[in-house]
There are 2 protein chains.
Amino acid sequence: MTAAQTNPAKLTEYRQRRRACSNCALHCLCFPPSLYDGRRHLEELNLRQRWIKQGDHLFLSGQRLRSLFVVRVGSVKCYDLSPAGDTMVMGFRFPGELVGLDALDAGVHAGYVIGLEDTHYCEIPLSTLHRLQNSRLELRQLVTQLLCRVLADVRSLLQVIRHLDARARLAWFLLNLASRLTGQETIKCEFRLSMDRNDIANYLGLTIGTVSRTLTDYQKAGILSARGKSIQIFDVRALRKLSGSDPAVISLAKH
Amino acid sequence: MTAAQTNPAKLTEYRQRRRACSNCALHCLCFPPSLYDGRRHLEELNLRQRWIKQGDHLFLSGQRLRSLFVVRVGSVKCYDLSPAGDTMVMGFRFPGELVGLDALDAGVHAGYVIGLEDTHYCEIPLSTLHRLQNSRLELRQLVTQLLCRVLADVRSLLQVIRHLDARARLAWFLLNLASRLTGQETIKCEFRLSMDRNDIANYLGLTIGTVSRTLTDYQKAGILSARGKSIQIFDVRALRKLSGSDPAVISLAKH
DNA sequence: CGACGAATTGAAGCTGGTCAAGGAACGTGG
DNA sequence: CCACGTTCCTTGACCAGCTTCAATTCGTCG
């Protein structure tokens, strides 16, 4: 029995919060399975909830790593600048997703993160993270696991870009987005893109023209509707086939 | 004064070994800065030094992760199989480089590793790693750092494939190889490729024809000589320019 | 409503893929 | 050591897909 359970009001608050965070990458940090006192634990975490406006930076390349960030509401874009000044989009982060992990070795951010819209986030100070890693055994593996997942993500993007053509890349991108936006197994068939065509093109290693043309093709085929930034997917299975999730299609894309 | 220093013969052996391993990714695991007894420490690590023949697998996808591996002599290829059965080359590992890290979260290897030639390696049991992480504070960060480095590597490959054309990709690949083969800052201008053209093409997201043609172009330009698997680089600066290390060139490759 | 940036669309050109043929290198067995 | 077969590599011709550049349309916000 936890201390939170001794006070019905606080217990309710605690439970609500726990449910709201259920899709968070760091859920097990804030809400460990067995706790002496859930509420007090949350307070000791020293979490800060803040927000940035569209176009504000969460951090810049070269800045010291002080905290990890988790998007709560909104979305951000992670990008690098090439020596020549071209932006190179590394990815996008949506509610529940973590930002800043890759700076853990150098202690310095290797890229920029900017809000694609007004975005709320949690900030977890590094000191808190380290303290918890020392005291709680199950958290010692957490960072490793999260890093492995980021690595797997980058690798799948790499595979997509190496082996799939423009149509398949875009299909993959849309499906990826549609499933991440729900934070669950399901797929969101109607949503607004928070990034522009340029960002999508750059991310997928294409040009804006190709992205636009391909979207038009999809619409002509009745697979989806794309009016500006609002997307409506009509035929998920067709997208899946195109994206190469379908084994029969992947074999067509072999090198 | 360490115990090893009390015995001149053993001290010499220890020092030789330490030097031989100086380029190893896990050097600080085997040879921590301050040690009571270097030799005994090495014995307690329970390292195994083994080897595989060309074409043998170090491990298969789906196998349980039992150890990490470090290449000592030779080279290996890391690859995946697509659902359709096509191989997708993830990378190559040379002496001093680590293999198996990315399986740390699932505990199961997500890819295959095969010897490109007869290859000697060190095997570090997971249990040893965990024991050391618990007892030695500085090693607790080691895995994180190594993972971050792997992540950075994959990302740079991603950038190369997204933003550079065939000539630049190959130039980048050769320079990357040439510097990793020395294990230092310097570049090895004469070496043998241990992988075939197919592997290179797949790795760089090209076809074997393009790789071959591009190499021929380089030779016609007097930049290098490539007779089969033996490479001789004549003009490192030209390669650097082509690869996009040169800011003036990167700007040409913008999307 | 008007103006600006973002997105679409078209035409032309180029890079790299595909397919097929020929040649070099390598290992094996006589 | 040579003949042979196999695998790997090179080269050529042709073509598809994507990029480039420019013109037009859409959409959003003051």
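Labels below follow one simple rule: chain letters A, B, ... track the order of the sequence lines, proteins then strands, and each chain is numbered from 1. Computed over heavy atoms, backbone and side chain alike; hydrogens, waters and symmetry mates excluded.
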Could you check which of [options] has an atom nearest any side-chain atom of [X]?
| X | options | answer |
| --- | --- | --- |
| B:Asp165 | D:dC9, C:dG17, C:dG16 | C:dG16 |
| B:Lys229 | D:dC9, C:dG16, D:dT20 | D:dC9 |
| B:Arg192 | C:dC26, C:dT8, D:dT19 | C:dC26 |

Presence of [X] side-chain N/O under 4.0 Å of [N] phosphate oxygens OP1/OP2:
| X | N | answer |
| --- | --- | --- |
| A:Ser212 | C:dA7 | no |
| A:Thr210 | D:dT19 | yes |
| B:Thr216 | D:dT10 | no |

May I ask you to establish whether A:Lys77 and A:Tyr79 are in a cation-pi arrangement, using a distance under 6.0 Å from NZ or CZ to the six-membered ring centre and at most 45° from the ring axis? yes

Between [atom2] on [N] and [atom1] on [X], what's the gap in Å once rounded to a whole number?
| X | N | atom1 | atom2 | value |
| --- | --- | --- | --- | --- |
| B:Ile200 | D:dC9 | CD1 | C1' | 11 Å |
| B:Met195 | D:dT7 | CE | P | 21 Å |
| B:Asn198 | C:dT18 | CG | P | 12 Å |
| B:Leu206 | C:dG17 | CG | P | 5 Å |
| A:Leu170 | C:dT8 | CG | P | 11 Å |
| B:Leu204 | C:dG17 | CG | P | 11 Å |
| A:Ile208 | C:dA7 | CD1 | C1' | 6 Å |
| B:Leu215 | C:dA24 | CG | C1' | 15 Å |

Are B:Val99 and B:Leu68 packed together at the side-chain level, in the sense that at least one heavy-atom pair is separated by less than 4.5 angstrom? no

Base of D:dT20 paired with side chain of A:Arg213 (donor-acceptor, under 3.5 Å): yes

What is the ring orientation for B:Tyr121 with B:Phe69, classed by angle as parallel under 30°, tilted 30 to 60°, or perpendicular over 60°?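 Correct class here is perpendicular.
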
Can you say whether the rings of B:Phe173 and B:Phe92 are parallel (under 30°), tilted (30 to 60°) or perpendicular (over 60°)? perpendicular

Distance-only, no hydrogens or angles: does the B:Arg192 side chain make a donor-acceptor pair with backbone N or O of B:Lys229 under 3.5 Å?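 It does not hold such a pair.
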
Heavy-atom nearest nucleotide on DNA chain D for A:Arg227 versus A:Arg167: which residue maps closer to 5'?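 With A:Arg227 and A:Arg167 compared, the 5'-side residue is A:Arg167.
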
